[in-house]
Amino acid sequence: DIWGIGCVLFELTSLFPLFPGNNEPDQINKIHNVLGTPSIEIMERFQQQTSSINCNFPKKEGSGIAQLIQHASPECIDIINRMLRYDPEKRISARRALKHYFFKPLRDAENAHNAQVPSAIPPHIRNNSSESDTSKIIDETTAGEQTHLSDYSSPVSYTHLRAHETREDLVCRLLLEKK
């Protein structure tokens, strides 16, 4: 979930764990040391969801994420703070996180790459197909052999992507290799 991604992003940035608790109460204490205690409303919601923990924590101001990773960019600190909000409804969604300014250099690099590297998918298929009809696409480069994407027993995995290869390029390559 997004909370976990925020913790991992912090750890990649800082090179040390964010909330290294020895047990559940210790970990909650570590979270409160950094983020402060949640509001009364959030504490009441937490209490409704669990009966094993007493959510009556003393009010504590946290040190804040920025204090722990002073070398990080403001964009990095901002996205981590948005990922680590106590209230899941106020926490940034995955879709919005990907649009966050922190990831702009990656989006720019991908757009520049995509503008320079032609896709292996024929334009009439790439431009006219939707996600729902990709399993019906027949690769016309297989010399009349009807090879469907649905011939693969499992979905194509991104782990098979080569450097600078789009998912569409991967599918075409796999279809050609299957021949």
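At a threshold of 4.5 Å between side-chain heavy atoms, the hydrophobic network of Ile, Leu, Val, Met, Phe, Trp and Tyr places Phe10 and Leu12 in two separate groups. No single ILVMFWY cluster, assembled from side-chain heavy atoms under 4.5 Å apart, contains both Ile40 and Ile31. With hydrophobic clusters built from ILVMFWY side chains whose heavy atoms lie under 4.5 angstrom apart, Phe16 shares a cluster with Ile80.
Using a distance-only test at 3.5 Å, with no hydrogens or angles considered, no donor-acceptor pair links the side chain of Asn29 to the main chain of Pro25. Under a 3.5 Å cut-off, the side chain of Arg107 and the backbone N or O of Leu98 do form a donor-acceptor pair. Using modelled atom types, one side-chain atom of Thr37 and one backbone atom of Lys60 make a donor-acceptor pair closer than 3.5 Å.
The two residues Ile77 and Ala72 have their closest heavy-atom pair at CD1-O, 3.8 Å. Residue Asp26 comes nearest to Asn23 through the heavy atom pair N-OD1, 2.8 Å, listed as atom of the first residue, atom of the second, then distance. In terms of heavy atoms, Ala97 sits closest to Met83 at CB-CE, 4.1 Å.
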| Derivation and outcome, side chain to side chain contact (heavy atoms under 4.5 Å, CB included), residues Phe103 and Ile79 | CA-CA 10 Å; Phe103 292 111; Ile79 196 166; 3.4 Å; yes
| said: Applying side chain to side chain contact (heavy atoms under 4.5 Å, CB included) to Ile92 and Arg85, what does each step give before you reach the verdict? | reply: CA-CA 8 Å; Ile92 194 168; Arg85 291 197 174 145; over 6 Å; no
| request: Could you walk me through whether Leu18 and Ile65 pass the side chain to side chain contact (heavy atoms under 4.5 Å, CB included) test, one step at a time? | output: CA-CA 9 Å; Leu18 180 54; Ile65 295 293; 4.0 Å; yes
| request: Dump the intermediate steps for side chain to side chain contact (heavy atoms under 4.5 Å, CB included) on Leu84 and Val34, then the final yes or no. | output: CA-CA 10 Å; Leu84 296 178; Val34 175; over 6 Å; no
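Distance OG/Ser93 to CZ/Arg91: 11.5 Å, rounded to 0.5 Å. Asn33 contributes atom CG, which lies 7.0 Å from atom OG of Ser63 (distance to the nearest 0.5 angstrom). The line from NE2 of His32 to OH of Tyr86 is 4.0 Å long, rounded to the nearest 0.5 Å. Between the CD atom of Gln27 and the NZ atom of Lys30 there is a distance of 9.5 Å, given to the nearest 0.5 Å. Taking CD1 of Ile2 as the start and SG of Cys7 as the end, the distance is 11.5 Å to the nearest 0.5 Å. Distance check: Ile69 CD1 to Glu11 CD gives 11.0 Å after rounding to the nearest 0.5 Å.
With sequence neighbours excluded, the residues satisfying salt bridge (charged side-chain N to carboxylate O under 4.0 Å, His left out) with Arg82 are Asp78.
Phe19 and Trp3 have parallel rings, their planes meeting at less than 30° on a 0 to 90° scale where 60° marks the start of perpendicular.
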